[in-house]
2 protein chains.
Amino acid sequence: MTVEQDPPAATRPGGRTARVREAVMRAAGDALAEHGFEGLDLADVARRADVGKTTVYRRWTNTTGLVADLLAHMAEESVSRSDTGSLREDLRTNARLVVRTLNDPRQGPLFKAVIAAATGDESAAEALHRFYAIRIAEWAGCVDAAIARGELPPGTDTHEVIRAVSAPLYYRVLCSGDPLDEAVADRAADAALAAALADAYAR
Amino acid sequence: MTVEQDPPAATRPGGRTARVREAVMRAAGDALAEHGFEGLDLADVARRADVGKTTVYRRWTNTTGLVADLLAHMAEESVSRSDTGSLREDLRTNARLVVRTLNDPRQGPLFKAVIAAATGDESAAEALHRFYAIRIAEWAGCVDAAIARGELPPGTDTHEVIRAVSAPLYYRVLCSGDPLDEAVADRAADAALAAALADAYAR
DNA sequence: GTCATAACGGGACTCCAGTTCCATTAGCTG
DNA sequence: CAGCTAATGGAACTGGAGTCCCGTTATGAC
């Protein structure tokens, strides 16, 4: 029996489709940064992207679907971590990068909007978790290197160290509303390092 | 001239108005816990509260206004902090309380929804920041007591210690999506304490 | 008790986000 | 380059969130 398995995709990801996605992703980022998630209007995104409203609704269904894809798109652009040879410096670099991102007039509101979207929609939440998993795994490499240098003992939860750096920064932005600057970033990095060292001693 | 200054309020906060607010607050909490912030419909809240739709729109204007008032209402119910005589134990108690709240099938989604609302609306954000300021100030008393007992040196940023306890828990819920349990709570509390001690040594 | 009016309730109305339908454009295959 | 059809674009349509109008209720002052 010659069943023709795996039909030739029947899809057409060629030039135009990709072009449309790029334009819509950029437009969605702009719109989110400007009006936040709740102010997101797919018709407005379509206008900005110079694309038919119908196309946006057909391919992304609704606002959370669009946000989920935007996150996947953002995750595709990998950021390289630093490697200064000192864990304290690497963590401070990471913390300052997060602060700069969250304070950035475009990126800050975008991240807030995306997090807001994730609180109400499972697929957006999954996309967000994947995004952070990638970032955390990337920077966890710094901690691995530190362990290799003997700055931290083996058995340290490397991902937890990186999470500990970002956590107080996001907490300020999302919950308490306290200001965010380089001093706060450095304190967050130092606190994460102190916690990791204390945890090592306790074992 | 006998100008009658300060006319008798011209407002009528009597029985009915207060009753309506209570009913709407409860209904809003239910609705947020069930459908999240983006699924919040004032007409639905009105129905649950057995109150006219017009009334809800007149008094709270829109969804973010309702959320802002709900937060004020939640802040009014003060929770008493613990006082075990040991800072580590107090911080762990706090961390476990936060975890239990965020994992609670009703409170968890409610907090997520409220945070989502705050990302897109200034007045909701202010209400949220006030809410956390009250909670943090309350629990900072534990750190004050610890300083008085000599567990920590004077000059410690007491609010920062409390923020450091909650931060990793909220980060997991809102960003990374990692699970939340008592072990994580204890680790967060211990990390906050370690960071505070390290910060004290550094000074 | 009586009165003035703050606050509420019901229902009609408006407006626009989201859907549907169909014509048009442009990837892919041969 | 010719043909098939995936994918897009325009425009009319629709449902329900939010508004408006006006009659009704009940609070507080006397």
Side-chain angles (χ1 to χ4, degrees), chain A residues 4 6-28 31-32 34-69 113 116-117 120-121 123-124, chain B residues 2 4-28 31-32 34-69 113 116-117 120-121 123-124:
Chain A
E4 197 57 36
D6 191 24
T11 186
R12 215 178 261 186
R16 184 164 63 165
T17 297
R19 216 154 47 234
V20 166
R21 180 171 183 237
E22 281 307 314
V24 170
M25 291 292 101
R26 177 169 29 255
L32 278 177
E34 279 181 35
H35 307 306
F37 175 64
E38 58 165 324
L40 185 61
D41 174 17
L42 295 208
D44 176 51
V45 171
R47 236 173 290 122
R48 288 168 186 260
D50 200 31
V51 154
K53 181 173 70 156
T54 316
T55 302
V56 176
Y57 278 105
R58 186 173 19 231
R59 284 185 56 179
W60 289 278
T61 314
N62 53 33
T63 52
T64 56
L66 182 58
V67 167
D69 195 29
D121 182 85
S123 66
Chain B
T2 40
E4 197 58 36
Q5 283 285 28
D6 192 23
T11 186
R12 214 178 263 183
R16 184 166 61 167
T17 299
R19 219 153 44 233
V20 165
R21 180 173 183 238
E22 281 308 313
V24 170
M25 290 293 100
R26 178 168 30 254
L32 278 177
E34 279 181 35
H35 307 305
F37 174 66
E38 57 165 325
L40 185 60
D41 173 17
L42 294 209
D44 175 51
V45 171
R47 235 174 291 122
R48 288 167 186 262
D50 199 29
V51 154
K53 181 174 71 156
T54 316
T55 301
V56 176
Y57 277 104
R58 187 171 22 230
R59 284 186 58 181
W60 290 278
T61 314
N62 52 35
T63 52
T64 56
L66 182 58
V67 167
D69 195 31
D121 181 85
S123 66

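First the proteins, then the strands, lettered A, B, ... as listed; each starts at 1. In this text the structure is predicted, and so the values were computed from the model without any measurement.
- Rounded to a whole Å, the CZ atom of Arg19(A) is 9 Å from the P atom of dA26(C).
- The two atoms that bring Ser123(A) and Ala68(A) nearest to each other are O-CB, 4.1 Å, heavy atoms only.
- Note on Arg21(B): every side-chain N or O is 4.0 Å or more away from OP1 and OP2 of dA7(C).
- Remark: P of dC15(C) and CG of Asp41(A) are 17 Å apart, rounded to the nearest angstrom.
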#### Entry: Thr64(A) vs Glu38(B), side-chain contact (heavy atoms from CB on, under 4.5 Å): CA-CA, chis, key distance, verdict
CA-CA 10 Å; Thr64(A) 56; Glu38(B) 57 165 325; 3.7 Å; yes
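- In the set dC8(C), dG11(C), dA17(C), dG11(C) carries the atom at the smallest distance from any side-chain atom of Thr54(B).
- Taking atom NE2 on His35(B) and atom P on dG16(D), their separation rounds to 15 Å, with Å as the unit.
- Here the options are Leu40(B), Val45(B), Thr63(B), the test is side chain to side chain contact (heavy atoms under 4.5 Å, CB included), and the partner is Leu32(B); only Leu40(B) passes.
- In terms of polar N and O atoms assigned as donor or acceptor, the side chain of Lys53(B) comes within less than 3.5 Å of the base of dG18(D) in a complementary pairing.
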Problem set entry | Test salt bridge (Lys or Arg N to Asp or Glu O under 4.0 Å) applied to Asp69(A) and Arg21(A), step by step | CA-CA 10 Å; Asp69(A) 195 29; Arg21(A) 180 171 183 237; 3.1 Å; yes
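- Of the side-chain N and O atoms in Tyr57(B), one or more sit less than 4.0 angstrom from OP1 or OP2 of dG18(D).
- Rounded to whole Å, the distance from CZ on Arg47(B) to P on dG16(D) is 11 Å.
- Between Asp44(A) atom CG and dC16(C) atom C1' there is a gap of 13 Å when expressed in whole angstrom units.
- Not a single donor-acceptor contact under 3.5 angstrom links the side-chain atoms of Thr17(A) to the base of dG27(C).
- Side-chain N/O atoms of Thr55(B) include one lying less than 4.0 angstrom from OP1 or OP2 on dG9(C).
- Rounded to whole Å, atom P of dA17(D) lies 14 Å from atom CD of Glu38(B).
- In terms of polar N and O atoms assigned as donor or acceptor, the side chain of Arg16(A) never comes within less than 3.5 Å of the base of dT8(D) in a complementary pairing.
- Between the CH2 atom of Trp60(A) and the P atom of dT19(C) there is a distance of 15 Å, given to the nearest Å.
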*Asp41(B) vs His35(B), side-chain contact (heavy atoms from CB on, under 4.5 Å): CA-CA, chis, key distance, verdict*: CA-CA 9 Å; Asp41(B) 173 17; His35(B) 307 305; over 6 Å; no
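- Taking atom CG of Asp50(A) as the reference point, atom C1' of dA7(D) lies 16 Å away to the nearest angstrom.
- OP1 and OP2 of dA6(C) both lie 4.0 Å or more from every side-chain N or O belonging to Arg59(B).
- The residue Arg58(A) sits close to a base: some heavy atom pair falls under 4.0 Å.
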